[in-house]
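Positions are given from 1 along the sequence.
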Amino acid sequence: LPRNPIPRNRVNKLRSLFTFIAVRYTAGNITLGKGGHGLAVNSEQGKLWKLLRGLFKSRTTRVVGVVVLVAVVVSVLFLLLNWYVAPTKPSARKDLVLALAQILGGTALLSGLYFTWSTLQVNREGQITERFTRAIDQLGSEKLEIRLGGIYSLERISRESEADHWSIMEVLTAYVRQHSSWQPGEPSKKPDGLPADIQAIITVLRRRTRSFDHGEPEPLDLQFTNVFRANLKGANLSGADLPGAYLLGADLLGADLSHANLKGADLAEAEYLTQEQMEGTVGDEKTKLPPDLKPPAHWNVKTDEQGEGD
């Protein structure tokens, strides 16, 4: 058959170009898989991209990159100012060079201050992590004085590092639950007092400045713990979980018990506990109170007087 030549005008040239691109793209998809995702993984460009990403993860590379970027910015600024001002006299050129030198010096000073601050922050975080780990190890010691040192070290870290505060509170309350537990069915215990390490933790909890919904994401968990005769004077126990806690003889003068869970807790001989403090708490019929106090109305608990009236 005779071949009719296709006119080589602009429209036909563009049509041929688009057809060529479509054919190459389709062939690439068939070879590499639908969408061409294999290109970035298997090609040399993909390897180069991965290499560059690995390099820029390095702190030294980032620093060099920032220095190069600053140098480029200063050079561009010099060219722009030179073009805009267009100094013709030697004194004007000298002023331009001095201005650029001052800008460069200020930029270098700010960069140095930033990197110094970053280094100090990294070193500080590393020191806090090391101190935290050492204090946790001290809690497992058989010697009381070493355990006390670990407890007060954790208290200091919690004050210095807001990010570690709640983790430390969880560690300390878990220690109390583990080493001073109590179940409501057990016989009443009246030891001379709390062990020194448990009282030290109670003191740390009492002195903390944060509380539930005010710097702490969760309530303190002291459920089913034996805190007999604990010094909780002025402690912020707002929202604390204290179900089944043994608080016989505990000093609760001025303690904040709002929204505290006292279900099944034993406060029969708690000292300086007032009816006003109890009004904001949560309890049930198993909660034991001093004889001069009554369960708040919202507990829905019948007292002996209510029982006789019925």
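To the nearest 0.5 Å, the span separating CD1 on I201 from OH on Y175 amounts to 6.0 Å. How far CG of D137 is from CD1 of I146: 11.0 Å, rounded to the nearest 0.5 Å. To the nearest 0.5 angstrom, I151 atom CD1 is 12.5 Å from I168 atom CD1. If you take CZ on F224 and CZ on R177, they are separated by 11.5 Å, rounding to the nearest 0.5 Å. Taking CE of M278 as the start and CG of L273 as the end, the distance is 5.5 Å to the nearest 0.5 Å.
Under the 4.5 Å side-chain contact rule for hydrophobic residues, V204 and L139 share a cluster.
Shown here for G150 and A135, the closest heavy-atom pair between the two residues is O-CB, 3.7 Å. Closest non-hydrogen pair, P219 versus G239, comes out as CB-O, 2.8 Å. Nearest heavy atoms, Y272 versus Q277: O-OE1, 3.3 Å. F212 and E218 get closest at one heavy-atom pair: CD1-C, 3.4 Å. Counting all heavy atoms, side chain and backbone alike, Q138 lies closest to S153 at OE1-OG, 4.2 Å. The heavy-atom pair separating L194 from F228 by the smallest distance is CG-O, 3.3 Å.
In this structure the side chain of S158 reaches within 4.5 angstrom of the side chain of M169, judged on heavy atoms. The closest side-chain heavy-atom distance from V227 to S180 is not below 4.5 Å. By the 4.5 Å heavy-atom criterion applied to side chains, D241 and P243 are counted as neighbours. Taking 4.5 Å as the limit, some side-chain heavy atom of E160 sits within range of a side-chain heavy atom of R131. You'll find the side chain of W299 stays beyond 4.5 Å of the side chain of D284, heavy atoms only. In this structure the side chain of I128 never reaches within 4.5 angstrom of the side chain of E130, judged on heavy atoms. Put simply, the side chain of L232 does not reach to within 4.5 Å of the side chain of L205, judged on heavy atoms. At a threshold of 4.5 Å between non-hydrogen side-chain atoms, the residues L293 and L267 do not count as touching.
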Q) Hey, mind stepping through D221 and Q223 against side chain to side chain donor-acceptor pair (under 3.5 Å) and telling me if it holds? A) CA-CA 6 Å; D221 187 358; Q223 56 183 316; 3.0 Å; yes

**Q.** Verdict with supporting geometry, S211 and S238, side chain to side chain donor-acceptor pair (under 3.5 Å)
**A.** CA-CA 7 Å; S211 60; S238 175; 5.6 Å; no

(Q) Checking R229 against E269 for the side chain to side chain contact (heavy atoms under 4.5 Å, CB included) test, could you report, in this order, the C-alpha distance in whole Å, the side-chain angles of both residues, the deciding distance, and whether it holds? (A) CA-CA 9 Å; R229 295 182 64 182; E269 297 181 14; over 6 Å; no

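Under the 3.5 Å distance criterion, the side-chain polar atoms of T281 are left unmatched by any main-chain donor or acceptor of A260. Although no hydrogens or angles enter the test, the distance criterion places a donor-acceptor pair under 3.5 Å between the side chain of T173 and the main chain of E170. A donor-acceptor pair under 3.5 Å links the side-chain atoms of D251 to the main chain of L253, judged by distance alone. Using a distance-only test at 3.5 Å, with no hydrogens or angles considered, no donor-acceptor pair links the side chain of E279 to the main chain of E276. Judged by distance alone, the side chain of S161 and the main-chain N or O of I157 form no donor-acceptor pair under 3.5 Å. Proximity of a side-chain donor or acceptor of S141 to a complementary backbone N or O of K143 within less than 3.5 Å is detected. The main-chain N or O of K294 is found under 3.5 Å from a side-chain atom of Q275 such that the two form a donor-acceptor pair. Within the 3.5 Å criterion, the main-chain N or O of K263 finds a donor-acceptor partner in the side chain of N261. Looking only at distances, a side-chain donor or acceptor of R208 sits under 3.5 Å from a matching main-chain atom of N236. T287 places a side-chain N or O within donor-acceptor distance of the main-chain N or O of L262, the cut-off being under 3.5 Å.
By the neighbour-count criterion of 12 heavy atoms within 6.0 Å, atom CZ of R156 is sparsely surrounded, having that number or fewer from other residues, nucleotides or ligands. Residue H259 places its NE2 atom among 12 or fewer non-hydrogen atoms of other residues, nucleotides or ligands, all under 6.0 Å distant.
For the side chain to side chain contact (heavy atoms under 4.5 Å, CB included) with L172, the qualifying choice from L220, I202, I198, L154 is L154, the only one to do so.
Residue pairs satisfying the ring pair (Phe, Tyr, Trp, His ring centres under 6.0 Å) criterion with at least one member in residues 130-165, sequence neighbours excluded, are absent.
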